[in-house]
Protein chains: 2
Amino acid sequence: MARKRVTLADVALASGVSSTTASLVLSGRGAELRISEAAQQRVREVSEALGYRPNIVSIGLRKGSSLAFGFVSDTIATSQLAGDMIKGALEAAHAHGFMLFIGETEGDAKVERRLVNAMLDRQVDGIILASMFTQTRRLPSGLDHVPAVVLNALPLEPHLHIPVVVPDELEAGKAAARLLLEAGHRSIHLVGAGPGPADTPPATVAGRERLAGILEVLAEAGLTPASGHLCPDWLPAYGWEATRAIIESGGAGGAIITFNDRLAFGAYQAIHEAGLSVPADMSIISFDDYPLADWLRPGLTTFAIPHYDLGRRSVELLLEAIAARDDGPANPAIVHRLPMPLRTRGSVGPPRG
Amino acid sequence: MARKRVTLADVALASGVSSTTASLVLSGRGAELRISEAAQQRVREVSEALGYRPNIVSIGLRKGSSLAFGFVSDTIATSQLAGDMIKGALEAAHAHGFMLFIGETEGDAKVERRLVNAMLDRQVDGIILASMFTQTRRLPSGLDHVPAVVLNALPLEPHLHIPVVVPDELEAGKAAARLLLEAGHRSIHLVGAGPGPADTPPATVAGRERLAGILEVLAEAGLTPASGHLCPDWLPAYGWEATRAIIESGGAGGAIITFNDRLAFGAYQAIHEAGLSVPADMSIISFDDYPLADWLRPGLTTFAIPHYDLGRRSVELLLEAIAARDDGPANPAIVHRLPMPLRTRGSVGPPRG
DNA sequence: TGGCCATGCTAACCCGATTTAGCACCCCGC
DNA sequence: GCGGGGTGCTAAATCGGGTTAGCATGGCCA
């Protein structure tokens, strides 16, 4: 174990040049600094033969950069979706030679501070503050010295140089309502929020914005929701409960907008248990695009959270900030809203009768 | 942006001592090296006041370590489960002051090599090679210089110093069969593999071992499976199909072992569509403990893959290897099998009639 | 008065790269 | 034969810490 790595000095020695020369050649500045073609050739061959790889830690010390970003999330284990966000960030980072440090805070601001510090101690070139749960948040200190991006959350006090990347929930809410209206529905029930604009779970921007979009489009059509069901949590059991209530009060034949796919799953269960079927008796449209949505029978029509794109975009913003650091001004604190693509499956049909 | 960080030299200057002294004091070797209590006090106060934090990149250069591990996975976005594995690794690492670099290979050996190299270039103190898909694998080169662990996969050519961490699938298979036998079942159908010991999907150790465990216990009871259904993939649609076949050939009243929870989901759908119910008409037991298992009605009884523990254990093995590096011998290439805990929900009952 | 020891600290080198400043050599022209 | 300029390379500083070897000072004892 631990046979020593080949260093630049080894390459230089074996090529009969100074390490300065070796460095210049290998960084492509050989011609510029007038190193003879013969010497360049030799250095490159020796480097290749010895399997030389530069020590990035050393470069990091010299340049104050580490070719790494920090990705700090409140949770990474809730769902596949978090994984997709990381995947997007990872691929964008790797494509530019950057690595990603991952950290999980579980929503604890103290843990977050510790992680951000640990990453700054490792000279990361940027930090992504991601959220899966919480949708509005405070920012930790220490982010003045390094590019940062807030991902899938809105900062309570917007920071001058920290851009934000979020899904366009408002637009998706509008699209959901439009889609049901176009299918001919007039009786539209909401499960997870509503019926009023203030009936939204606390601390989730997603709920508030989806609801606002839905209500706006319904209002344009001269409608209000047939009913609204605020749930303690967006889990199948509550979707089941709310849907039973809808059916018992004669809502069958209409449509349901569930505020996420787990609620929709509960809705399917209630509809099937009542001897009804989707979409013949009830149409359902939802948000998130959990893997589940594709497994249900019929498949669930839903607006996907663009997790992969969110992750990618956040890294790209860091890269832009780095590129701009030297000359241009820093990132403006723009809120980037990424579209939520519709996954059309089989859960929406015309109203019954 | 980028006001300079406080360095050790800054602290030394402000305390009126040399940086050597400051270093000794802050690393706790002050008393040992006979620095006066007054000087120590001063250094500590100044350090605190200036908010000094040591630059880990610098320490890494000197010591050849980076207080970071690499976590290279074939995929991190398949499911929540991958996230749990990372979470376990993350928590164990953070508890010991280590960070985690994450990488995703998508099963491509070339990408894996690149990632492993990129991590070695950053002087990681250990590497975890994790799998979600593939269950047997080759090892990349370059792992002779640094502690490594294989996670959730079996190496094709066991390496002398690389331990392996996997779930104990064989034991879980046995326990599943035992549980159904104890509930009184004699007619046991397999969905996902079987009926013979060779009827297993290629390249999955999980399938082979679960099956072996099941067959062993059934054989001890003088039984063979009532039927076996090898599926192209372990997805709901195939579970649905196989279960329909079981019901059509008069299997209702018996029990099903599905080889994972997604197959079980399909089985539930088929059973409900046939107007039957779980567990009155059919008992189901499964493996994985997807979140789904808890959402089904009734809840699915299943053996959980101990993802969190797997992640934790792999980091602990790296820490042990580091601790042993100086004196003791390297890690032996032991295969660590972690138990798969049973999640008892409502899907298993006595046979009908 | 000189030697010895304890006390309290620091100079200087090291890790592995990048980068600045500059040196030695040769050729050419006057 | 001496200055000027181009060519080809290198010494040395630097990043921010850790570490080794050793240097002043003062007190005590013979």
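Numbered from 1 within each chain, the chains take letters A, B, ... in sequence-line order. For clarity, every value in this text was computed on a predicted model and none was experimentally measured.
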Participant: List for me each residue that meets side-chain hydrogen bond (donor to acceptor under 3.5 Å, both in side chains) alongside B/Glu112, sequence neighbours excluded, and say none if there are none.
Facilitator: B/Arg137
Participant: Give each protein N/O atom lying under 3.5 Å from an N/O atom of nucleotides 24-27 of chain D, with the pair distance.
Facilitator:
none

Participant: Who passes side-chain hydrogen bond (donor to acceptor under 3.5 Å, both in side chains) against A/Asp309, sequence neighbours left out?
Facilitator: none
Participant: Take nucleotides 6-15 of chain D nucleotide by nucleotide from the 5' end and write B, S or -, depending on whether a protein heavy atom sits under 4.0 Å from the base, only from the sugar-phosphate, or from neither.
Facilitator: -BBBBBB-BB
Participant: Find the distance B/Arg29:CZ to D/dG17:P and express it as a whole number of Å.
Facilitator: 16 Å
Participant: I need the CD-P distance between A/Glu32 and C/dT20, as an integer number of Å.
Facilitator: 10 Å
Participant: Whole angstrom is fine here: how far is it from CZ in A/Arg53 over to P in C/dG16?
Facilitator: 16 Å
Participant: Can you name the side-chain hydrogen bond (donor to acceptor under 3.5 Å, both in side chains) partners of A/Arg34, sequence neighbours left out?
Facilitator: none
Participant: In whole angstrom, give the distance that lies between atom CG of A/Leu120 and atom P of D/dG16.
Facilitator: 15 Å
Participant: List in chain and number order the residues that pass side chain to side chain contact (heavy atoms under 4.5 Å, CB included) with B/Ser23, two or more places apart in sequence or in another chain; answer none if no residue qualifies.
Facilitator: B/Leu8
Participant: Below 3.5 Å, can you tabulate the donor-acceptor pairs from side chains in residues 91-102 of chain A to any protein atom, sequence neighbours excluded?
Facilitator:
from, atom 1, to, atom 2, distance (Å)
A/Glu91, OE1, A/Tyr308, OH, 2.5
A/His96, ND1, A/Ala92, O, 3.0

Participant: Sequence neighbours excluded, which residues qualify as side chain to side chain contact (heavy atoms under 4.5 Å, CB included) partners of A/Glu37?
Facilitator: A/Gln40, A/Gln41, A/Arg44
Participant: Could you list all the salt bridge (Lys or Arg N to Asp or Glu O under 4.0 Å) pairs where at least one residue sits in residues 47-66 of chain B, not counting sequence neighbours?
Facilitator: A/Asp121-B/Arg53
Participant: Could you tell me whether B/Ile59 contacts a base, only the sugar-phosphate backbone, or nothing, with contacts defined as non-hydrogen atoms closer than 4.0 Å?
Facilitator: sugar-phosphate
Participant: Any salt bridge linking B/Arg29 with B/Glu32? Criterion: basic side-chain nitrogen under 4.0 Å from a carboxylate oxygen.
Facilitator: yes
Participant: Between B/Tyr52 and D/dG17, is there a contact of a side-chain N or O with OP1 or OP2 at under 4.0 Å?
Facilitator: yes
Participant: Does A/Asp125 use its side chain to pair, donor to acceptor, with the backbone of A/Phe69 at less than 3.5 Å?
Facilitator: no
Participant: Applying side-chain hydrogen bond (donor to acceptor under 3.5 Å, both in side chains), can you list everything that pairs with A/Ser58, at least two apart in sequence or on another chain?
Facilitator: none
Participant: For DNA chain D, produce a single dot-bracket line, 5' to 3'. Pairs: Watson-Crick or G-U wobble, both distances under 3.5 Å. Symbols: ( ) within strand, [ ] crossing, | other strand, . unpaired.
Facilitator: ||||||||||||||||||||||||||||||
Participant: Rounded to the nearest angstrom, tell me the gap between atom CD in A/Gln123 and atom P in D/dG16.
Facilitator: 8 Å
Participant: Not counting sequence neighbours, list each pair that qualifies as a salt bridge (Lys or Arg N to Asp or Glu O under 4.0 Å) and has a residue in residues 147-165 of chain B.
Facilitator: B/Arg138-B/Glu157
Participant: CG of B/Asp121 versus P of C/dG16: gap in Å, rounded?
Facilitator: 14 Å
